[in-house]
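For reference, the structure discussed in these notes is given below.
A quick note: this is a predicted structure, and the numbers were derived from the prediction, not measured. Chain letters run A, B, ... following the sequence lines, proteins first and then strands; every chain starts at 1.
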Amino acid sequence: MEPDEVLPVGPIPEAVLRRERRWAAGLLMAIVALGTAGYLSIPTEEDLVITSRTAADPFDRVRAMNALIRRGYWEDRAFKEFEAFMKASPKELPQFMADMHGDMLKSDRRAWKK
Amino acid sequence: MELDRRSLSPSDGSRPLRLTDLILPLGIGAVLRLALVVAFIGTLGRGDEAAYLRLGWGWSEFGAYTGMWAPLYPKLISYFSGLFGDGAADALRIVQVFMAVWAGVWTALIADMFGGRRAGLIAAWMFALYLPLAGFAALMYSESLFLCFFLPSVYQLLRYAREGRIAAPAWRGPLAGCLLGLAALTRESTLIFVFPCMVWVAFALRGHETEKRVGNARFKAWAHGKGPLAIAPALLFGLTALLTVMPWTIRNAWHFDRFVPIATSSQGSSVVGWNAYDINYDIADLGDNVLDAPGTLRDKIRGPEPAPWSPRAVSNVADASELNISDGLDFAKANPGFFLRSRIVEFVDMMSPLSFILRSLRITDGIGEPLNSALVKTLFAVLAVLMVPAVVLLGLWGWTHARDAGPLRSLAATLTVCTVSVAAISGMTRYRVPVMPLFIVLGALYLAGQREKPPRHRKILLSTLTVLIILSWIPSIGPIQMALAVLWKS
């Protein structure tokens, strides 16, 4: 059914604009809060080394080790240092390394410092 | 002035589409997919499928995600690994059948929004029977999960535009953004949709309030197409998508000590796509070696290959990503002719009538009933190959002729341009999955008779695109013949 008449009424009602502004403000605040909290929670490499050795939760230890690898922490170090670290680590880490980062365990890997 | 058909009454007077109407088409679609799942039960998959399983298993076992892809699909696998152990892949395949039904519902609802019940039903049947999409239920790729988020997001965007800025509920745009964010957390390349969709929202929701009179009844309605750009709705949509992705971006900062919005898979694509290799995963293993896709015409278009470059051995994947993309760009600058010619081949690969289910039928060991005979496999493959040109051309005709479907036409065009632009990096048939349901919707509108005589400029565009797409299929004829021959001999 086509309308008999279409009459322009006017601009966007203030209530709609107010509603959109409220949503935008809420979203922006959430983004800023989440971004700030996230930024402040980023650990240093030293923090990660400690966590990978001492955290109570084995998953936390593995996550810290994974982050060290991904950050390229071991790239600046010799293979011997990495080996020593692994020997002194809780048992989850060698298992994790063997299953998920097997390439790192090879001393002739391209990225290792000689 | 375009009027909102729904705010008046359905144009054809038919009753609206009910979910119960979809039981038959989508039920048959589910049975088809279950048959595929049964055939693939117990198979392990190769390439990315195997990698996804390994990443999911590792996440479940050690609590750490070691991959470079978007996280939601590996996370889902990790949950299934925890619950079902070695049976995780098969359990997930069965769940993917339900995901396909869910995606089919949204495809039908989009068609219903613009063409009524008949179009919705046709879209549901097309979605149910379109084999290249059905195949993903049985494969361990992120596409099934992706469509579960992406299609509802597209529906919400289109509904937003249909309802207008005043009548639409406040959550409509943010919900669309949230769903698109989840889709991006499933497939990283979805990020390229966010900004173009924001621009689309700004244009599609442009309008002003009007009063309409039908007989004695008067009511306020939204008149599209006039007034200032709808910047605020566009921002709400974009900000919500950003907020949805942000927790993972923070995780990446924690992990890489770098800004990585979602993942670093583009670096892998640049190593393959912006390089001298001729790798096409759809026709993997058909050439003499994996780095050499077959096809005489492909070779002729590509011309002589320059020396390839090697990916960097850097542990920080974010750094490796930057370096590899930069090396890929240097390669493109040093070999502009080859780069442009190889982009044509990437486009050809993306548009190819092949599909990933055919690749998996060819290279997966241990496929069982009902797909274990050469005859069934070949028939399935021939049907799947024919369905791609049928849906693409029908969708193109639907796009050109669709009546009263302005927002759908413009959003489908926006998403298609973004999808095809991925071929500038690397092209394969899996990358066109986001827009295929929209082609199905547009084709359904055409078949449902929801069409008008298109203006001249749209006719010219239709002719040009039809010729271009048909030409793009010619180099794929050789590889298709080879793939079918392999299946016939299997």
- prompt: For the candidates B/Ala318, B/Pro233, B/Gly173, which exhibits the highest count of non-hydrogen atom pairs separated by less than 4.5 Å from chain A?
  reply: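 The candidate making the most pairs under 4.5 Å is B/Pro233.
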
Under 4.5 Å from a heavy atom of chain A, the part of [X] involved:
X: B/Leu235; value: neither
X: B/Pro174; value: side chain
X: B/Ala168; value: backbone
X: B/Trp57; value: side chain
X: B/Arg54; value: both

Side chains of [X] and [Y]: closer than 4.5 Å at any heavy-atom pair?
X: B/Phe237; Y: B/Tyr160; result: no
X: B/Met68; Y: B/Ser321; result: no
X: A/Arg70; Y: B/Asp257; result: no
X: B/Arg251; Y: B/Tyr65; result: yes
X: B/Trp248; Y: B/Leu72; result: no
X: B/Leu239; Y: B/Leu243; result: no

message: Do the side chains of B/Arg165 and A/Glu20 get close enough for a salt bridge, i.e. N-O under 4.0 angstrom?
response: yes

- prompt: Between A/Lys87 and A/Glu83, is there a side-chain N and carboxylate O pair less than 4.0 Å apart?
  reply: no

- prompt: Where along residues 73-81 of chain B does a heavy atom come under 4.5 Å of chain A, listed by residue number?
  reply: none

- prompt: Among residues 176-184 of chain B, which ones touch chain A with a heavy-atom distance under 4.5 Å?
  reply: none

Between [options], which shows the greatest number of heavy-atom pairs under 4.5 Å with chain B?
options: A/Ile31, A/Val62, A/Leu27; result: A/Ile31
options: A/Ala24, A/Gly38, A/Pro43; result: A/Pro43
options: A/Met100, A/Glu45, A/Arg21; result: A/Met100
options: A/Ala64, A/Ala67, A/Ala15; result: A/Ala67

Less than 4.5 Å to any heavy atom of chain B: does that hold for the side chain of [X], its backbone, both, or neither?
X: A/Gln95; result: both
X: A/Leu17; result: side chain
X: A/Arg63; result: both

Backbone of [Y] reached by a side-chain donor or acceptor of [X] within 3.5 Å:
X: A/Asp47; Y: A/Thr44; answer: yes
X: A/Glu92; Y: A/Pro58; answer: no
X: B/Thr264; Y: B/Val260; answer: no

task: Please work out whether the ring planes of B/Trp69 and B/Tyr52 are parallel, tilted or perpendicular, with thresholds of 30° and 60°.
output: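 Tilted.
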
Closest heavy-atom pair and its distance - B/His255, A/Arg71: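 Of all heavy-atom pairs spanning B/His255 and A/Arg71, the closest is O-CG, 3.0 Å.
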
task: Return the minimal non-hydrogen interatomic distance between B/Arg117 and B/Pro16, and the atom names on each side.
output: CD-O, 3.9 Å

query: Can you check whether A/Phe85 and A/Trp74 have ring centres sitting under 6.0 Å from each other?
result: yes

message: Pair A/Val49, A/Tyr73 - check side-chain contact (heavy atoms from CB on, under 4.5 Å), show working.
response: CA-CA 10 Å; A/Val49 170; A/Tyr73 174 82; 3.5 Å; yes

